[in-house]
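Worksheet: one structure, shown below.
Counting convention: from 1, in listed order, for ligands and their atoms alike.
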Amino acid sequence: MDHRFCVPCLFGLEGLAADELRRLNMKNVSAENGRVYFEGDDAAAARANLCLRTGERVLIELGRFEAASFDALFEQTKALPWEQWIPQDAAFPVMGHSLNSKLFSVSDCQKIIKKAVVERLKSRYHLSWFQESAETVQIRFSIMKDQVSLCLDTSGEGLHKRGYRPAHNAAPLRETLAAAMVILSRYRGRDDFADPFCGSGTIPIEAALIARNIAPGRARHFAAMDWHTLNQHIWLEEREAAAAREYHGDYRIFGSDLDPKAIAMAKANAERAGVADLIRFETADAASFSRKTERGVIVTNPPYGERIGEKQEAEELYRRFGEAWRGLFNWQLYLLSSHTEFERCFGREADKKRKLYNGMIKCDLFMYYK
Ligand SMILES: C[S@@+](CC[C@H](N)C(=O)[O-])C[C@H]1O[C@@H](n2cnc3c(N)ncnc32)[C@H](O)[C@@H]1O
């Protein structure tokens with residue numbers, strides 16, 4: 001039986017997540033603001049969780065309807081077939097958000113939805129009390145302009161938590177955003193790859209996972225692995241299928257940072273991600289970045305100078321890095337910054353820009369093709 005899935009993603013990454021899902025052979029993929037929908041069977045749930053690089057989580061959408069009152073929310077929630085997904089001993093917490101809607105109180109919506117699901121399950125299981133002691137089936141709701149979407153979360157922890165980065169520095173990049181930047185650079189493992197402001201190593205590690213076509217979720221646990229309502233063979237089958245798609249070439253990936261502590265963290269993270277053999281990390285100043293190889297791609301996330309007193313320092317760093325980059329032969333650059341004067345400081349207008357959000361910070365990905 002096919003399910004309807006919903007993948008929330010960072011604003012600006014919908015198109016990339018949709019492309020990834022099409023390449024994973026999902027059906028009827030369509031992108032909206034901040035989310036991508038697709039259809040597929042139980043195996044699709046496992047494949048999406050294991051393989052998606054740019055999506056935040058994989059949800060099964062049980063229902064979508066309009067509700068402008070608590071009565072409407074209660075009745076339409078109760079009408080959905082929750083018993084197909086929630087066994088009588090499972091825990092089913094409810095969380096979600098509401099935006100631009102008449103039902104704006106998230107805690108009230110949470111209570112109403114919980115009550116409606118309990119009423120539905122009472123009538124199906126002929127029970128008056130639920131222990132909620134077995135596996136967790138997290139219910140997630142989203143209400144936007146009075147449109148309610150009710151989903152079950154198959155991922156558990158967000159997909160950006162690949163499991164390789166318990167150690168990070170002060171301003172780590174979300175793994176899903178780092179992967180998106182690498183995908184946008186069209187890096188495929190042929191040319192050299194470098195991140196001269198690598199911090200905890202997120203960008204080089206995501207580049208290595210992409211070069212080897214390693215499923216980013218191959219080593220982690222997903223909530224739906226504990227669900228009895230999904231065929232449990234799918235996880236092993238999809239994991240083996242993903243492993244069979246891995247490449248075993250040698251790639252030249254470099255990560256450097258001025259801070260030796262960041263480099264130590266990056267090395268430990270790459271080790272955990274299983275790609276330490278692919279990346280050469282070193283402590284170095286990006287202002288003197290140079291390479292002898294003719295071609296390559298730089299994907300990087302320098303300091304933005306957001307805090308008071310740091311703006312001028314960032315501007316000077318952009319200027320010096322610009323000089324170093326102009327000394328390279330044929331190296332493309334993809335650089336993420338929120339600094340509105342980046343191009344002026346860097347000394348050259350970008351060939352193309354793309355709006356991306358680093359958490360709440362509105363940024364541009366400045367692209368230079370050379
Ligand atoms: C925004 S953080 C990068 C975070 C990284 N993408 C991650 O996921 O951990 C910027 C990094 O630039 C480094 N940095 C600052 N000035 C530098 C310089 N002149 N040369 C190289 N690295 C520098 C900082 O130590 C910091 O780790």
Side-chain angles (χ1 to χ4, degrees), residues 10 53-54 158-185 187 193-210 216 253-273 275-276 279-291 297-307 309-325 327-328 331 333-339 342 345-347 356-366:
L10 296 175
R53 297 184 196 281
T54 57
L159 294 185
H160 66 277
K161 299 224 168 130
R162 321 284 209 217
Y164 65 71
R165 203 177 68 180
H168 62 73
N169 59 338
L173 198 61
R174 203 172 253 226
E175 293 84 336
T176 39
L177 182 56
M181 288 164 62
V182 177
I183 293 170
L184 285 168
S185 80
Y187 170 68
F193 181 98
D195 175 1
F197 298 93
C198 75
S200 57
T202 322
I203 296 174
I205 292 171
E206 291 296 323
L209 294 173
I210 287 171
I253 301 174
F254 302 89
S256 47
D257 198 285
L258 199 56
D259 178 0
K261 281 201 220 97
I263 290 298
M265 264 181 231
K267 282 182 178 166
N269 290 339
E271 198 76 53
R272 266 185 293 268
V275 292
I279 313 171
R280 273 162 265 186
F281 286 110
E282 62 169 347
T283 306
D285 186 349
S288 39
F289 183 83
S290 71
R291 279 290 176 277
V297 50
I298 299 172
V299 178
T300 198
N301 169 224
Y304 304 162
E306 288 257 322
R307 271 180 256 150
E310 289 178 358
K311 198 170 173 203
Q312 268 189 332
E313 224 176 283
E315 290 180 356
E316 176 60 12
L317 185 56
Y318 295 161
R319 190 189 64 71
R320 289 166 61 218
F321 181 57
E323 275 173 16
W325 178 76
L328 301 171
W331 278 69
L333 171 66
Y334 295 77
L335 181 145
L336 187 75
S337 177
S338 63
H339 198 305
F342 170 78
C345 305
F346 186 70
L356 290 176
Y357 282 84
N358 182 1
M360 299 302 281
I361 309 174
K362 189 168 143 200
C363 294
D364 275 302
L365 181 66
F366 297 95

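- Ligand 1 does not have Ala287 within reach: every non-hydrogen atom of the residue lies 4.0 Å or more from it.
- The Pro172 neighbourhood of ligand 1 comprises atoms 7 (C), 8 (O), 9 (O), with distances under 4.0 Å to a heavy atom of that residue.
- The shortest N or O to N or O distance between Phe197 and ligand 1 is not below 3.5 Å.
- No more than 12 heavy atoms of other residues, nucleotides or ligands shown are found within 6.0 angstrom of OH on Tyr357.
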Item checked: Evaluation steps, salt bridge (Lys or Arg N to Asp or Glu O under 4.0 Å), between Arg319 and Glu315 -> CA-CA 6 Å; Arg319 190 189 64 71; Glu315 290 180 356; over 6 Å; no

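- For ligand 1, the atoms sitting less than 4.0 Å from at least one non-hydrogen atom of Ala286 are 18 (C), 20 (N), 21 (C), numbered in the order shown with element in parentheses.
- In Glu316, the CD atom is crowded: over 12 heavy atoms of neighbouring residues, nucleotides or ligands sit closer than 6.0 Å.
- At least one N or O atom of Asp285, backbone or side chain, sits closer than 3.5 Å to an N or O atom of ligand 1.
- When only interatomic distances are considered, the shortest N/O to N/O separation between Asp195 and ligand 1 does not fall below 3.5 Å.
- Against a heavy-atom cut-off of under 4.0 Å, Pro303 is close to the following atoms of ligand 1: 10 (C), 12 (O), 15 (C).
- By the 3.5 Å distance cut-off applied to N or O atoms, Leu173 is counted among the residues near ligand 1.
- Of all the atoms in ligand 1, the ones that sit under 4.0 Å from a non-hydrogen atom of Ser200 are 7 (C), 8 (O), 9 (O).
- Checking Asn301, Leu317, Asp257 against atom 25 (O) of ligand 1, the nearest heavy atom belongs to Asp257.
- Without hydrogens or angle criteria, Trp325 side chain to Phe289 main chain gives no donor-acceptor distance under 3.5 Å.
- Of the possible donor and acceptor atoms, one in the side chain of Asn269 sits under 3.5 Å from a partner among the backbone N and O of Ser200.
- Residue contacts with ligand 1: Ala284 is included, with a non-hydrogen atom under 4.0 Å away.
- Under 4.0 angstrom from ligand 1, the non-hydrogen atoms of Pro196 all belong to its backbone.
- Residues Phe197 and Phe321 bring their aromatic ring centres within 6.0 Å.
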